[in-house]
Asker: 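Below: one structure in structure tokens.
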Amino acid sequence: MLFATTYNRLYTIIMATQDGSEEVIMETEAKPKEVEAEAEAELGEDVASVKESTSHTDPGNSTTQDSSISNGDDPDDNLETVDLKIIWNKNKYDLKIPVDSTGAKLKERIHSLTGLPPAMQKVMYKGLLPEDKTLREIRITTGAKIMVVGSTINDVLAVNTPKEVIQQEVKAEENKKEPLCRQKQHRKVLDKGKPDDILPGIKGAKERLPTVPLSGMFNKSGGKVRLTFKLEQDQLWIGTKERTEKVPMGSIKNVVSEPIEGHEDYHMIAFQLGPTEASQYWVYWVPAQFVDAIKDTVLGKWQYF
């Protein structure tokens with residue numbers, strides 16, 4: 001009801017002003033605070049909040065205070081940095097990094113440059129660089145050279161190639177070599193053809209040594225040679241028309257053999273009588289079935305067939 005009364009009074013004042021009534025105008029000037037108090041009591045908090053907001057506004061100054069706004073700069077841009085020269089695998093890389101970065105952080109940056117995983121890096125600067133200390137603590141300054149040692153995963157895999165693969169590669173390489181029977185020094189003997197009185201050869205077979213000498217074969221000079229295995233004396237007798245050499249089996253360093261191309265039922269065998277291959281004694285047209293028994297007997301590997 002108070003609001004309605006106040007409204008009626010304001011309406012009366014406005015109408016009186018239009019009619020030119022001075023008395024009413026004086027009344028309104030004399031009682032503005034009374035009207036305001038009555039209206040505030042009627043409207044309660046709404047009027048109070050409006051008054052509070054208007055009381056903080058300076059009508060003579062239209063300028064308002066702006067809030068603080070970030071300029072968008074990256075905090076890292078303002079950090080103190082050092083320029084380093086990273087050297088790895090004969091390559092050089094330039095790197096700028098904050099001086100308060102740790103050794104571990106440096107390894108991460110090196111990884112991004114080189115592809116070398118941090119776990120596989122050895123970073124050197126006046127010794128092994130610690131991961132838990134900063135570059136400032138280590139006293140690394142601009143222009144410092146950082147040596148990095150390590151291998152990539154691909155390098156490690158290449159080194160750890162299975163032995164079977166390596167052996168296959170070696171065997172393939174050996175197969176590319178020219179067979180011994182094609183070499184000139186051996187061809188001059190083999191071209192004479194197979195001796196008429198040689199024992200029959202059997203390809204792919206293994207037999208024990210015969211109780212009689214192996215005869216009818218050729219030596220390097222093309223002369224006839226026979227092999228006698230004196231097991232009770234641990235000797236190999238190499239006999240020719242001129243003489244017989246009695247060789248202790250323990251003095252023979254190695255025995256090598258190779259099938260004769262086109263006549264695989266016969267082999268050519270070399271007994272290495274000295275420390276080098278120059279001391280090899282060659283015997284041609286050895287029956288294939290006795291080759292393994294000859295090697296095992298001379299080198300001390302006995303086989304019982």
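What you see is a predicted model; the values in this text were computed from it and never measured. Scope of the values below: all heavy atoms of this structure, side chains included, with no hydrogens, waters or symmetry mates.
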Asker: Contact between Q121 and H111 at the side-chain level, heavy atoms closer than 4.5 Å - yes or no?
Answerer: yes
Asker: Which atom pair, heavy atoms only, marks the closest approach of M217 to I198?
Answerer: CG-CD1, 3.3 Å
Asker: Any side-chain to backbone donor/acceptor pair from K192 onto G222? Under 3.5 Å, distance only.
Answerer: yes
Asker: Assess the residue pair I110 and L106 against the criterion (side chain to side chain contact (heavy atoms under 4.5 Å, CB included)); give the C-alpha distance rounded to whole Å, side-chain angles, the decisive distance to 0.1 Å, and a yes or no.
Answerer: CA-CA 6 Å; I110 292 174; L106 176 60; 4.0 Å; yes
Asker: Check the pair F271 / V298 against side chain to side chain contact (heavy atoms under 4.5 Å, CB included), numbers first and verdict last.
Answerer: CA-CA 9 Å; F271 300 96; V298 172; 4.1 Å; yes
Asker: Establish, yes or no, whether a centroid distance under 6.0 Å links the rings of Y284 and H186.
Answerer: yes
Asker: For T276 and K253, run side chain to side chain contact (heavy atoms under 4.5 Å, CB included): C-alpha distance rounded to whole Å, both residues' side-chain angles, the deciding distance at 0.1 Å, then the answer.
Answerer: CA-CA 9 Å; T276 65; K253 307 301 181 183; over 6 Å; no
Asker: Answer whether the closest heavy-atom distance between the side chains of E207 and I202 falls below 4.5 Å.
Answerer: yes
Asker: Under 4.0 Å between a side-chain nitrogen and a carboxylate oxygen: does that hold for E245 and R243?
Answerer: yes
Asker: Can you see which heavy atom on K246 is nearest to which on P248, and at what distance?
Answerer: O-CD, 3.7 Å
Asker: Do you know the tightest heavy-atom contact between T297 and A293?
Answerer: OG1-O, 2.7 Å
Asker: Decide yes or no for T211 and F229: does some side-chain heavy atom of the first lie under 4.5 Å from some side-chain heavy atom of the second?
Answerer: no
Asker: Return the NZ to CG distance between K206 and D292, rounded to the nearest 0.5 Å.
Answerer: 4.5 Å
Asker: May I have the step-by-step check of side chain to side chain contact (heavy atoms under 4.5 Å, CB included) for V99 and T134, ending in yes or no?
Answerer: CA-CA 7 Å; V99 72; T134 66; over 6 Å; no
Asker: Say whether, by atom type as modelled, one donor and one acceptor occur between the side chain of Q272 and the main chain of G274 under 3.5 angstrom.
Answerer: yes
Asker: Taking all heavy atoms of D83 and all of K96, pick out the closest pair and write down the distance.
Answerer: OD1-CE, 3.3 Å
Asker: Which pair of heavy atoms, one from T142 and one from T81, lies closest together, and at what distance?
Answerer: OG1-O, 4.2 Å
Asker: Can you tell me how far apart CD1 (I146) and NZ (K126) are? Round to the nearest 0.5 Å.
Answerer: 10.0 Å
Asker: Applying ring pair (Phe, Tyr, Trp, His ring centres under 6.0 Å), name anything that partners Y266, two or more places apart in sequence or on another chain.
Answerer: W285
Asker: Any salt bridge (charged side-chain N to carboxylate O under 4.0 Å, His left out) pairs touching residues 259-283, not counting sequence neighbours?
Answerer: R182-E261
Asker: Got a sec, which residues hit salt bridge (Lys or Arg N to Asp or Glu O under 4.0 Å) with D100, two or more places apart in sequence or on another chain?
Answerer: R136
Asker: How long is the span from the CG atom in L214 to the CG atom in L209, to the nearest 0.5 Å?
Answerer: 6.5 Å
Asker: Determine whether I140 and L84 make a side-chain contact, defined as any pair of heavy atoms from C-beta on separated by less than 4.5 Å.
Answerer: yes
Asker: Set out, in order, the CA-CA distance, both residues' side-chain angles and the distance that settles side chain to side chain donor-acceptor pair (under 3.5 Å) for S257 and K295, then state yes or no.
Answerer: CA-CA 9 Å; S257 69; K295 290 183 178 180; 3.0 Å; yes
Asker: L299 and N254: which non-hydrogen atoms are nearest, and at how many Å?
Answerer: CD2-CA, 4.1 Å
Asker: Which distance, rounded to the nearest 0.5 Å, do you find between the CE of M120 and the OG1 of T114?
Answerer: 11.0 Å
Asker: Holding to salt bridge (Lys or Arg N to Asp or Glu O under 4.0 Å), I want the full list of residues that pass it with E108, two or more places apart in sequence or in another chain.
Answerer: K105
Asker: Just wondering, do R226 and T244 contact through their side chains at under 4.5 Å, heavy atoms?
Answerer: yes
Asker: How about M268 and L180: do any of their side-chain heavy atoms sit closer than 4.5 Å?
Answerer: yes
Asker: Mind checking the CG-CD1 spacing from L273 to I252? Nearest 0.5 Å is all I need.
Answerer: 6.0 Å
Asker: Rest of the hydrophobic cluster containing I87 (Ile/Leu/Val/Met/Phe/Trp/Tyr, side-chain heavy atoms under 4.5 Å)?
Answerer: M124, L128, M147
Asker: Return the set of residues passing side-chain contact (heavy atoms from CB on, under 4.5 Å) with T228 (not counting sequence neighbours), or none when no residue passes.
Answerer: P213, K230, W237
Asker: Report yes or no: does R109 contribute a side-chain atom to a donor-acceptor pair with the main-chain N or O of I97 at less than 3.5 Å?
Answerer: no
Asker: Please answer whether the main-chain N or O of S221 pairs with a side-chain N or O of N219 as donor and acceptor at a distance below 3.5 Å.
Answerer: yes
Asker: Quick one: NZ on K122 to CG on L116, what's the gap to the nearest 0.5 Å?
Answerer: 12.0 Å
Asker: Treating W88 as the side-chain partner and G150 as the backbone partner, does any N or O pair qualify as donor plus acceptor under 3.5 Å?
Answerer: yes
Asker: Between E258 (side chain) and C181 (backbone), is there a donor-acceptor pair under 3.5 Å?
Answerer: yes
Asker: Could you give me the CA-CA distance, side-chain angles and deciding distance for Q289 and K203, then say whether side chain to side chain donor-acceptor pair (under 3.5 Å) is met?
Answerer: CA-CA 7 Å; Q289 67 270 26; K203 180 181 177 181; over 6 Å; no
